[in-house]
Structures are given as structure tokens and as C-alpha cells.
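Some notes on the structure that comes next.
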There are 2 protein chains.
Amino acid sequence: MEERVAKETFEAAKRASVSQLLMKAGRLVNERALARVPEAPGRPRLRPSHTALLPHLDLEGTRLGVLAERLGVTKQAVTQLVDDMEAMGVLERVPDPTDGRAKLVVFADDGPTLLMQGMRYLAEIDGELAAALGPRRHAALSSALAAVIAALEGE
Amino acid sequence: MEERVAKETFEAAKRASVSQLLMKAGRLVNERALARVPEAPGRPRLRPSHTALLPHLDLEGTRLGVLAERLGVTKQAVTQLVDDMEAMGVLERVPDPTDGRAKLVVFADDGPTLLMQGMRYLAEIDGELAAALGPRRHAALSSALAAVIAALEGE
DNA sequence: CCACTTGGTCAATCTTGCTTTACTAAATGA
DNA sequence: TCATTTAGTAAAGCAAGATTGACCAAGTGG
């Protein structure tokens, strides 16, 4: 009897938690998205840490230190990320006109092109998810996720 | 004009994608869950790879090689994970009665206790999310995520 | 003018989560 | 019985993503 209850509890706990579903779904989407990016030989490959940088960039250019703060990592870590993305041709460092020490991280000439290409992969996956879920649940998912993020980030 | 359109496109792309929301929400939940687990000095700390092992364990005991297959990693990788979780007091290796070479990975005496403790952290977070979303959206999120995982795993 | 702070870089190192290579011991079967 | 397969372990190493510490050059304030 005891045994049986334990088993049920255990099996239920395995699936029931939204937190676990969220972690798993996030991981799967991440894998799928990165798998789609073609390799450019000679240049560093796009990795999750690079894509994590993108949402923090402003079109007008962003100080490296500001990026570090937004990402919650050290400036050195960002230096490495920006180095990579410079080598990929996505970003560029330009001197900050208002402070001779500072540099602004901006999109390179064809950065937006590459970026939009990346967005297309995400859009593709979105489309696949929408097809699997149907428009209603896809919309519901989108709004629920936004609320989750707001709740978790606003701590 | 051009400039303005680019900016809008860019800013919209930053948020609009469900894929991105999913990745971000997953990351945030993960961080929050791990932050809640108290450190037990002297023993290895619980890390994401450990928690990834748990859903693949059967109550009756599971062969190490089977775990490796389910996780999609080498047996050596699982050996290391099980080593850690043995040191934490969560799991135990017992000889497989049907094969002298094999070992069964089972929960240690107080393994279920520790495990349920972990589940409680997840349940807590679930509760917080439910509170933030309201019961309707929380349920919708759960069902949508299950569908996403099914779609992505069934490839 | 000089001390100090600030923005960024360089180099070395650490942790995580794996892998490859090499090995031991038990099972299997011609 | 003896060669081969199978279950697991041990040790070393690697790539990713960070960190710490030492540094330089440009601003800033007494």
C-alpha cells in the first residue's frame, strides 16, 4: 500500500510540474535552434552565449560594461563574446565619442542581415510550434510565457 | 524612415518569438530552482545534470547503461553523475541479481526524502507561477508545454 | 600636476558536462 | 575451455562559459 502510494507520487511528480516542463521545453527549443545555424568554416560557431547577448544590444550601440551588467557577468566575459561576434562579422567595436576610454558595441555593416537570418530560424521554429499547437494554444503559450518571465524577472 | 522601420523590426523581433520566450523562461526557472537547494558542505552540490538524471530513474532500480541510453550520453558520464548522487546520499548502487556484472541504481534509504524535498522546491515555484498567472493561464501553459515537448521530441 | 577612478583588455585558471582511451570482471557460446 | 561480448570503472582531456588578477589608457578632482 505504502509502496503503491510512493510510486504514484513519484511518477506524478515526474511529469506534473510546470517548472520541469518549462526547463525541458526551453532546452529542446534551444537545441533545435542552434542545430539549424549553418557552420561558417574558419569563424567561431554561434553558441548559446552569443545569442544570449543579442537581446541586450541597442541599435544605437551599447557600452561593453553596460552589456556586462545587463547579462550579469563580468566585462571580461563580454569581451570574449564580442570578440567572437566580431570575428563572425555580426558586431563591431567603435570608439565612444563621449568618452575616449569607452567603446560602443554596434552591429557591423552586414550584421543586421546575419541577424535577420538568425531571426528567420527562430521564426521557422515558431511556425512549427504553431502548427503543432494550433493558433489558440500558440497564442496562449506566448502570453503565458511573457507573464512567467515578467514574474520571474521582477523577482 | 528606413531607420525607423529597422528599429521597429528589430525591437519587435527581440520579443515576439515564442522560441525566445521559451528559452528565457526555461533558463529563469532553472536558475530559481537551483538557487533554492541548500548547500550541504563537503558533499557535491546539486547541478542541472543531476536533476536531468532523476526523471529517468525507475523505482525498481535501473541499470547504469540503461540510464546512459535514456540520457543519450556515455556510460562514463552517468558513472560520474551517479557517483555524485551517491555522495549526496540520494542514490545507491546495488548488484543486479540477474547479472553479476551489472549494477542497479536505486534510491538510497533517505533518497526519497531528499527527492521529495527537491520536488517541493519545484512545487513552490509552480505555486508562484500559478499565483502570477492565475489558474486558467497556468493550466493553459501546462498543456501547451506538454504539446511543445511532444512535438519537439517526436521530431 | 598628480593621485585616483573608470572602461576595457590580456592571460591564466576554474567548473561543468561531457568524451576518448584503456582497463577489469562477469557472461556467453562454439 | 577459451575467445568474445557486455557492464561498468578509471583516468585523462576537451570545449564552453565563466572567473580572478594584473595591467593600460583616458577621464576627474583635489
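The structure presented is a predicted model; accordingly, all values stated were derived computationally and were not measured. Order of the sequence lines fixes the chain letters, A, B, ..., with proteins taken first and strands second; residue numbering starts at 1 for each chain.
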Length of the CZ-P vector between A/Arg63 and D/dG27, whole Å: 11 Å
Sugar-phosphate, base or nothing in reach of A/Ser49, heavy atoms under 4.0 Å: sugar-phosphate
Heavy-atom donor-acceptor pair, B/Arg70 side chain to B/His56 backbone, under 3.5 Å: yes
Side-chain donor/acceptor of A/Thr79 to backbone N/O of A/Lys75, under 3.5 Å: yes
Main-chain N/O of B/Val90 paired to B/Asp110 side chain as donor or acceptor, under 3.5 Å: no
Along DNA chain D (nearest heavy atom to each residue), the more 5'-positioned of B/Gln80 and B/Thr62: B/Thr62
Expected output: side-chain B/Asp96 to main-chain B/Lys103 donor-acceptor under 3.5 Å: no
Atom-pair distance (CG on B/Asp99; P on D/dT6), nearest Å: 12 Å
A/Glu92 (side chain) donor-acceptor with A/Asp109 (main chain) under 3.5 angstrom: no
Side chain A/Arg43, main chain A/Met88, donor-acceptor under 3.5 Å: yes
Upstream residue (5' side of DNA chain D) when A/Thr98 and A/Val78 are each assigned their closest nucleotide: A/Val78
Interatomic distance, B/Lys75 NZ vs D/dT5 C1' [rounded to whole Å]: 11 Å
Upstream residue (5' side of DNA chain C) when A/Thr79 and A/Arg101 are each assigned their closest nucleotide: A/Arg101
Protein-nucleotide distance (A/His50, atom NE2; D/dA15, atom P), rounded to Å: 15 Å
Any A/Arg45 side-chain nitrogen or oxygen under 4.0 Å from OP1 or OP2 of D/dA16: yes
Separation of atom CG in A/Asn30 from atom P in D/dA16, rounded to whole Å: 15 Å
Span of DNA chain C, from the first to the last nucleotide whose atoms fall under 4.0 Å of chain A heavy atoms: C/dT6 to C/dC10
Rounded distance in Å - CD (B/Gln76) to P (D/dC14): 17 Å
Sugar-phosphate, base or nothing in reach of B/Ala77, heavy atoms under 4.0 Å: base
Check: B/Ser19 main-chain N/O paired with A/Asp126 side-chain donor or acceptor under 3.5 Å: yes
Spacing of A/Leu64 atom CG relative to D/dA26 atom P, expressed in whole Å: 17 Å
